[in-house]
Asks: 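Please find one structure pasted underneath; my questions will follow.
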There are 2 protein chains.
Amino acid sequence: MAATLRDVARLAGVSFRTVSNVVNGYQYVSDATRAKVEAAIAQLGYQPNYSARSLRLGRSNLLGLAVPTLSIGYFGELASEIIDVARNRGYTVLTEQTNSSRERELDAVQGARRQMTDGLLINPLALTSDDATIFETERPVVLLGENVFSHKVDHVTMQNVAATQAGTEYLIGLGHRRIAFIGLADPEGASVGTSVLRTEGYRQGLAAQGIEHDPRLELSAGSWAYEDGVSAVRSLLSAGVGFDAVFAATDVLAMGALHELQASGLDVPRDVSVLGFDDLVEGRYTTPTLSTVDGGRRQIADIAVDMLLSRIESPTSPVAFREVAFSLIERKSTRSRL
Amino acid sequence: MAATLRDVARLAGVSFRTVSNVVNGYQYVSDATRAKVEAAIAQLGYQPNYSARSLRLGRSNLLGLAVPTLSIGYFGELASEIIDVARNRGYTVLTEQTNSSRERELDAVQGARRQMTDGLLINPLALTSDDATIFETERPVVLLGENVFSHKVDHVTMQNVAATQAGTEYLIGLGHRRIAFIGLADPEGASVGTSVLRTEGYRQGLAAQGIEHDPRLELSAGSWAYEDGVSAVRSLLSAGVGFDAVFAATDVLAMGALHELQASGLDVPRDVSVLGFDDLVEGRYTTPTLSTVDGGRRQIADIAVDMLLSRIESPTSPVAFREVAFSLIERKSTRSRL
DNA sequence: GTGAAAGCGCTAACAC
DNA sequence: GTGTTAGCGCTTTCAC
């Protein structure tokens, strides 16, 4: 059995209150006592029992993180960044994968596990604004992404419309006029809110440059996997719709699209430009390297953790909403300016 | 404040012992009482306090997982699979990123967080067999990978030597004779044990087919990032060493290599075949698609969780060691058989 | 079938 | 500066 405070106290010949003081870095402990206690701690290999501490304090220093899956693209990198930021702030992260299922997302928000953590970071894809009320409890939560809107919950998102519009206008600036967009909301698919906004940004970009929008150029994102990028391009090609650029709503879709374009004998960017969204590392190593819109993922990780910890510390402070900055990253999958 | 067992008992008009019985599905509770209690639970939205339960039970239903990073390749997919398997077994995973640093790996094994979990899954890269003793405590731990060997700790690994040898012989079977290998142990780099074994497999593969091994064809894996694949190819090319195939110790290295070969104007697989190791999803969408050795990652996730839970349940059962099966996945980055 | 009571290991309010 | 004590919410003997 592991050593307890009492064991340490006994060995050091002090009261166990004193040991607690030492462990918690309390101020008024004589150097001699401290030394004795520390020696005893080292000798017994004492480590505090977190369950007991949590029970007493009502805080666990655990944060919940609920994302669709760690295995692919955006969410893996986001989780990685969030875990690092949380660690630097003294928190450990308990990761759940919702697989974009409504049931699992509800469970993350309302389920029993919620009890173990001091707060939750969730990027809901299946839940929508209709479910907003379930977030309106006193338990700290920060929403990532834009599927759920509520002026009663802390929220951090990308500027999806503006960023996608900028991407679209960038392609137009390159001389493209027939720009296909992969990322349409699919009722069966995930990420509905994001789809809607990025689709809107795409259309606004066209409109801003006076280009007629052609519904045949707007493709579903399916479940946002590589394969969906493949099938979008395939259907575009088989429908015989002319296009000179592809703007995909995520880098993963873009890489699927790039793959299929090349498999069909097209040259990127000579025949078709490809633009992604997310700035995943992988995009730096495709051939050609992938031009992309960086929606601001790294900043989201920072801000989200920060927001959540603020909320934990002051539950009554005003609800926060933050949008992060985006930027365009030009690599080789889009053609040079004419 | 959240409702407690006592609150529920008061509302239901029973003793709080009875409520506990209902919550834990105890057998002898009359249907009427059960119904009353359940109604009270629902009305108050009662959820058990896990800290209290853990304190009492001495178990948290939390598992620790320590991997270098979630953001890239193998470990992101592995973590994803492990979290799913653990969830199906009723456990939640607390993820830590060690960034392959010795200090962080030690912290994962010995640090305070260890106390919060019922067991630890760790894939050490910086720790070595010299550190084996730190694992030999009574706390459940399962080692993934092969940096640390000890007959006193549960362990699950790939058949690295055999798998790499098979990959090498596959390339030879394709007609290749000048096969470069990227993945040499770099004292500064990570994954030393894996490097050594995969290097050994490569050399054995050559030897088995009577091919002389040329040290100039063996390249360092650096820190196992995409960029290290790039630099390996770059140094190969600038040294003017002839080669007709590249076998990279991971898919990420292989994708970096593929990228650089193409950037240098070489055609894969016409001029050079490229073979990876790991079977990451991304490899299905490169151009050309990436041939690879599947070391058995999915099986590792299953077995590791299973081993750890067995160990938690019976701390004194014999130490287990398992090697998983590998397979070769032929795609388009290796040339067709002559 | 249900109730009372002990105690898991810790922190903090209160004495001294 | 250090010691005593209550109690966080729960599970689990032990009675009844």
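Numbers restart at 1 for each chain; the letters A, B, ... are given by sequence-line order, proteins then strands. Computed from heavy atoms alone, side chains included, the values below leave out hydrogens, waters and symmetry copies.
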Asks: Starting from P on D/dT5, measure out to CZ on A/Phe16 and report it in whole angstrom.
Replies: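 It is 10 Å, rounded to the nearest whole Å.
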Asks: Expressed in angstrom and rounded to an integer, what is the separation of A/Asn21 atom CG from C/dA13 atom P?
Replies: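 A/Asn21 atom CG is separated from C/dA13 atom P by 12 Å.
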Asks: Would you indicate which nucleotide in D/dT2, C/dT11, D/dT11 comes nearest to any side-chain atom of A/Ser30?
Replies: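 Shortest atom-to-atom distance from the side chain points to D/dT2.
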Asks: Return the residues of residues 48-59 of chain A meeting this criterion: a heavy atom under 4.0 Å from some atom of DNA chain C. Order them by number, or give none.
Replies: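 Heavy-atom cutoff 4.0 Å gives A/Pro48, A/Asn49, A/Ala52, A/Arg53, A/Arg56, A/Leu57.
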Asks: Atom CZ of A/Arg17 and atom C1' of C/dT11: how far apart are they, to the nearest Å?
Replies: 9 Å
Asks: Rounded to the Å, how far apart are A/Asn24 CG and C/dG9 P?
Replies: 17 Å
Asks: Between A/Ser20 and B/Gly13, just flag the one whose closest nucleotide in DNA chain C comes earlier from the 5' side.
Replies: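 With A/Ser20 and B/Gly13 compared, the 5'-side residue is B/Gly13.
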Asks: Does a salt bridge link B/Asp7 with B/Arg10, judged by any charged N lying under 4.0 Å from a carboxylate O?
Replies: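 A salt bridge is present here (some side-chain N lies under 4.0 Å from a carboxylate O).
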Asks: Any side-chain donor paired with an acceptor under 3.5 Å for A/Glu96 and B/Thr92?
Replies: no
Asks: Given atom NZ of B/Lys36 and atom P of C/dG1, what is their separation to the nearest angstrom?
Replies: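 Atom NZ in B/Lys36 sits about 14 Å away from atom P in C/dG1.
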Asks: Send over the distance from B/Leu5 CG to D/dC8 P, rounded to a whole Å.
Replies: 13 Å
Asks: Just to confirm, is there a sub-4.0 Å distance from OP1 or OP2 of D/dC8 to any side-chain nitrogen or oxygen of B/Thr4?
Replies: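 No.
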Asks: Report yes if the side chains of B/Leu62 and B/Asp118 come closer than 4.5 Å at any heavy-atom pair, otherwise no.
Replies: no
Asks: Is there a side-chain contact between A/Ile82 and A/Ile300 (heavy atoms, below 4.5 Å)?
Replies: no
Asks: How far apart are the C-alpha atoms of A/His155 and A/Phe149, what are their side-chain angles, what is the distance that settles it, and do they pass the ring-ring contact (aromatic ring centres under 6.0 Å, His included) test?
Replies: CA-CA 8 Å; A/His155 206 147; A/Phe149 278 111; 5.3 Å; yes
Asks: Tell me which nucleotide among C/dC10, C/dA5, D/dT2 gets nearest to the side chain of A/Ser15.
Replies: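 Given the options C/dC10, C/dA5, D/dT2, the side chain of A/Ser15 is closest to D/dT2.
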Asks: Looking at A/Arg322 and A/Asp154, does any basic side-chain N land under 4.0 Å from a carboxylate oxygen?
Replies: no
Asks: Determine: side-chain N/O of A/Thr33 to OP1/OP2 of D/dT2, distance under 4.0 Å, yes or no.
Replies: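 The answer is yes; a side-chain N or O of A/Thr33 sits under 4.0 Å from OP1 or OP2.
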Asks: Taking all atoms of both residues into account, what is the closest heavy-atom pair of A/Met307 and A/Ala320, and its distance?
Replies: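 Heavy-atom minimum between the residues: CE-CB, 3.7 Å.
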Asks: Please report, rounded to the nearest Å, how far the P atom of D/dG9 is from the CG atom of B/Asp7.
Replies: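 Value for this atom pair: 8 Å.
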